[in-house]
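The next block holds one structure in the form of structure tokens; read it before the comments.
Small disclaimer: the values here were computed from a predicted structure and weren't measured. Per chain, numbering begins at 1; letters A, B, ... match sequence-line order.
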2 protein chains.
Amino acid sequence: MEDRTDKASSDKATYQVTADDVAKLAGVSRWTVNRAFKKEASISAKTREKVMQAADTLGYLPDLLAASLASDRSNLVCLMVDDFANPHKLVMLERLTRILRKHGWDSLLVNTANDTETSAALMSASQRRVDAAVVIGIQFNDSNLATAQGARRVRKLIVFARSSENPDTISVCCDDVAAMDTITDYVIERGYRKPLFLAGPQTSSAHLGRKETFLRRWSNEFGQTPDFLVADRYDARLAYDLIHGTFVDRSVQDLPDIIVCENDALAMGAVDALRYGLGLRVPEDIAVTGFDDIPQVDSPNYKITTYRQPLTAMAEGLVEILRGTADNSALNHFRGQLVVRESA
Amino acid sequence: MEDRTDKASSDKATYQVTADDVAKLAGVSRWTVNRAFKKEASISAKTREKVMQAADTLGYLPDLLAASLASDRSNLVCLMVDDFANPHKLVMLERLTRILRKHGWDSLLVNTANDTETSAALMSASQRRVDAAVVIGIQFNDSNLATAQGARRVRKLIVFARSSENPDTISVCCDDVAAMDTITDYVIERGYRKPLFLAGPQTSSAHLGRKETFLRRWSNEFGQTPDFLVADRYDARLAYDLIHGTFVDRSVQDLPDIIVCENDALAMGAVDALRYGLGLRVPEDIAVTGFDDIPQVDSPNYKITTYRQPLTAMAEGLVEILRGTADNSALNHFRGQLVVRESA
DNA sequence: TTGTACGCGTTATCAA
DNA sequence: TTGATAACGCGTACAA
């Protein structure tokens with residue numbers, strides 16, 4: 001213990017205060033110090049007070065590294081983001097980091113935009129013993145899934161804000177069928193009859209996807225399946241090119257009367273393409289709907305009618321899953337709400 | 001060691017492969033196994049090969065928790081974001097996570113939007129022994145700084161994409177004076193003579209801030225200091241309200257001919273306010289410039305003339321600082337470039 | 001309520 | 001080049 005004291009005086013900046021130091025100062029054992037820092041521990045209020053005071057004067061805080069190593073629980077979650085072009089990711093990151101933090105979890109942000117580095121990142125996260133790996137707004141692709149499962153220390157694979165049919169993953173998302181039904185009802189009620197669906201990246205398994213739901217519903221209602229376009233990424237610029245390229249040579253009567261978009265990023269690109277690429281008015285010539293209600297679509301430039309997911313409730317649901325207290329079956333049935341603006 | 005084997009067979013999913021297991025299989029010592037995983041370690045190629053093969057069949061990866069604890073280096077960086085309304089944060093997060101990952105660092109994303117939770121988050125990060133705390137696009141405020149310094153395990157306090165005069169922090173940013181000079185030159189050259197500066201949140205110490213630079217430069221050039229407005233946050237909606245509220249009752253000859261904005265988020269709000277709030281044309285009636293070159297300002301709706309920072313180079317600079325190989329004095333002099341579009 | 005072995009999986013350091 | 005000892009700081013389980 002003497003050399004410890006030496007270190008403290010000789011190099012104060014790097015000296016690390018441990019529970020032992022606090023214990024000595026407070027006149028208790030090291031384990032009592034640790035108890036004082038645990039919420040539900042059998043310790044007398046007086047002793048705790050004494051310990052906390054000693055801890056305070058020494059500037060002691062429990063070391064999470066050592067705690068994780070010993071307890072095999074890291075209180076760390078890996079958030080995987082592969083698409084930084086969609087502002088909605090920022091909204092979700094804000095919500096997730098805030099809610100997770102509130103419940104004691106820290107967030108490791110992993111950039112999986114580059115597919116070759118994704119597996120390395122996932123490995124690295126697993127080496128930190130994250131309690132869960134969460135993909136945001138997408139599904140695990142097969143390669144990621146294989147890596148994650150190979151990295152056996154990743155306990156839970158969670159898909160946030162997206163439905164997933166893979167039995168090895170847990171999905172926290174809103175009910176896409178109900179959501180698209182709400183949008184479809186609105187589209188029909190407003191009298192639109194020639195819809196085009198603008199879809200995002202297609203996953204192999206999406207029986208319950210937004211596109212499928214809309215097409216099926218419309219087909220049931222009117223006996224014909226609407227056209228659709230597919231964008232490889234949720235990128236406004238991509239949507240612009242797609243819409244512009246598709247309709248620039250088309251005669252007026254062949255145009256849709258509404259473009260139903262899988263999310264707001266696509267919707268913004270669609271609006272831009274209609275206005276600036278094709279010289280059309282929104283919604284007078286062609287209406288547009290989005291999904292997500294990102295802050296940008298409330299700009300007077302866009303005023304896009306869209307659908308807002310209950311992100312806070314969903315984030316709280318994620319916490320329940322991390323805790324293991326969730327009734328998993330209920331976590332993919334969150335209900336959001338239609339936000340009506342001027343674009344449709 | 002026997003019970004280990006038992007665990008492996010009885011509960012394979014949770015069994016953790018350690019260096020010991022690999023050592024046994026490869027017929028070497030545990031320390032040799034670890035050496036095989038270090039880049040520059042004195043180990044024969046043959047032994048390493050043997051070890052790696054054994055590791056592969058067992059699915060072994062070094063545990064970063066234990067490694068951090070023992071080595072006192074976490075290879076973890078804490079990224080602090082306080083403003084999720086500005087899309088530029090997403091761009092910076094993408095760049096930082098990618099470059100940091102490339103060099104072996106993982107990123108802890110901490111939401112510091114809520115001021116009361118900021119210190120708790122910083123504490124938590126320090127408890128994970130992050131190698132550095134990085135604030136993005138803002139300066140450390142006094143309260144954060146005090147917390148960070150109190151949390152002695154945070155080795156480095158770094159301000160990214162913002163100049164900082166605090167001697168306890170290291171700033172990685174572009175040269176704001178040079179940047180604003182470039183913008184000012186352009187504004188003058190294009191013949192604008194009645195500028196208004198739209199500034200973001202004001203920090204106490206900003207002698208070299210963008211606003212100050214512009215005002216001083218203009219004053220030197222034309223003998224009078226331009227008007228300016230201050231937004232509390234880099235929020236497009238706030239900028240809208242500010243511009244609209246300021247000019248709605250003003251007569252035409254009292255209007256500026258250009259609004260020079262501290263960043264793109266403000267510029268977008270300004271454009272919206274001019275067009276939709278005041279019925280003016282951009283740039284014919286009033287021009288606008290931004291800063292950051294976020295993807296959104298390239299939309300045909302905005303086409304904002306702006307200034308792009310060399311984010312990749314800056315992120316690499318951050319890595320040098322983490323490594324301790326940086327010549328710190330040079331890291332706040334990155335040069336960006338003017339991106340001319342149609343708004344000015 | 002409080003104190004005590006022992007283990008978590010590495011790294012640093014020294015010895016062989 | 002390789003093996004061995006002693007940390008790193010805390011949690012679990014159990015005993016006092």
Side-chain angles (χ1 to χ4, degrees), chain A residues 1-4 6-8 14-24 26-51 55 58-75 124 126-129 152-153, chain B residues 1-4 6-8 14-24 26-51 55 58-76 126-129 152-153:
Chain A
M1 202 54 75
E2 279 85 333
D3 51 339
R4 266 303 183 67
D6 282 356
K7 259 206 285 180
T14 30
Y15 171 59
Q16 169 133 314
V17 183
T18 76
D20 272 320
D21 302 319
V22 178
K24 199 161 56 171
V28 297
S29 75
R30 172 168 77 72
W31 296 270
T32 302
V33 172
N34 278 316
R35 284 194 192 93
F37 277 89
K38 298 213 75 168
K39 268 278 184 290
E40 353 72 11
S42 54
I43 184 176
S44 75
K46 203 166 52 187
T47 310
R48 170 173 270 153
E49 175 60 26
K50 193 169 57 180
V51 169
L58 257 43
Y60 169 79
L61 284 177
D63 185 330
L64 257 37
L65 242 40
S68 299
L69 181 60
S71 71
D72 200 31
R73 261 176 289 104
S74 64
N75 279 294
S124 169
S126 89
Q127 289 179 264
R128 291 189 192 276
R129 303 204 193 179
R152 298 200 295 243
R153 285 173 190 151
Chain B
M1 202 55 72
E2 279 86 333
D3 52 339
R4 264 302 183 69
D6 283 356
K7 257 204 291 180
T14 32
Y15 172 59
Q16 168 134 317
V17 183
T18 75
D20 271 321
D21 303 318
V22 179
K24 200 162 53 173
V28 298
S29 75
R30 173 156 65 82
W31 298 273
T32 301
V33 172
N34 279 314
R35 280 192 194 95
F37 278 88
K38 299 214 75 168
K39 268 279 184 289
E40 352 74 9
S42 53
I43 184 177
S44 74
K46 202 167 52 188
T47 310
R48 169 173 272 153
E49 175 60 26
K50 192 170 56 179
V51 169
L58 258 42
Y60 168 78
L61 284 177
D63 186 328
L64 257 36
L65 242 41
S68 299
L69 180 61
S71 72
D72 201 30
R73 262 175 288 105
S74 63
N75 279 295
L76 240 191
S126 89
Q127 289 179 264
R128 291 189 192 276
R129 304 204 193 180
R152 298 201 293 241
R153 283 173 192 152

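Distances shorter than 4.0 Å separate some side-chain N or O of T32(B) from OP1 or OP2 on dG3(D).
The separation between K38(B) atom NZ and dG9(C) atom P is 19 Å, rounded to whole Å. Taking atom CG of D72(B) as the reference point, atom P of dA6(D) lies 21 Å away to the nearest angstrom. Rounded to whole Å, the distance from CG on L64(B) to C1' on dT10(C) is 10 Å. Whole-Å rounding puts the R129(A) CZ to dC8(C) P distance at 10 Å. Taking atom CD on Q16(B) and atom P on dG9(C), their separation rounds to 5 Å, with Å as the unit. Whole-Å rounding puts the N34(B) CG to dA4(D) C1' distance at 14 Å. For the pair L65(B) CG and dT11(C) C1', the computed distance is 14 Å after rounding to whole Å. Rounded to an integer number of Å, the gap from R128(B) CZ to dC10(D) C1' is 14 Å.
A donor and an acceptor atom never sit less than 3.5 Å apart when one is taken from the side chain of R73(A) and the other from the base of dG11(D). W31(B) contributes a side-chain N or O that forms a donor-acceptor pair with the base of dT5(D) under 3.5 Å. If you check distances only, the side chain of R35(A) does reach the base of dG3(C) with a donor-acceptor pair under 3.5 Å.
Comparing S29(A) and L69(B), the nucleotide of DNA chain C nearest to each residue sits closer to the 5' end for S29(A). If T47(A) and R30(A) are placed on DNA chain C by their nearest nucleotide, the residue sitting closer to the 5' end is T47(A). The residue among V28(B) and A66(A) whose nearest nucleotide of DNA chain D is located toward the 5' end is V28(B). Nearest-nucleotide mapping onto DNA chain D: of S44(B) and A70(B), the residue sitting toward the 5' end is S44(B).
Taking only side-chain atoms of D63(B), from C-beta outward, the nucleotide of dA12(C), dG9(C), dC10(D) with the closest atom is dG9(C).
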Item to complete: For the pair D63(B) and Q16(B), evaluate side chain to side chain donor-acceptor pair (under 3.5 Å) and give the outcome as yes or no after the intermediate values.
Response: CA-CA 10 Å; D63(B) 186 328; Q16(B) 168 134 317; 3.2 Å; yes

Item to complete: For side chain to side chain contact (heavy atoms under 4.5 Å, CB included), just list the numbers for R128(A) and L76(B), CA-CA rounded to whole Å, side-chain angles, deciding distance to a tenth of an Å, and then say yes or no.
Response: CA-CA 10 Å; R128(A) 291 189 192 276; L76(B) 240 191; 3.7 Å; yes

Worksheet entry | Stepwise side chain to side chain contact (heavy atoms under 4.5 Å, CB included) test for T47(B) and T32(B) | CA-CA 8 Å; T47(B) 310; T32(B) 301; 3.6 Å; yes

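No donor-acceptor pair closer than 3.5 Å links the side chain of N34(B) to the backbone N or O of W31(B).
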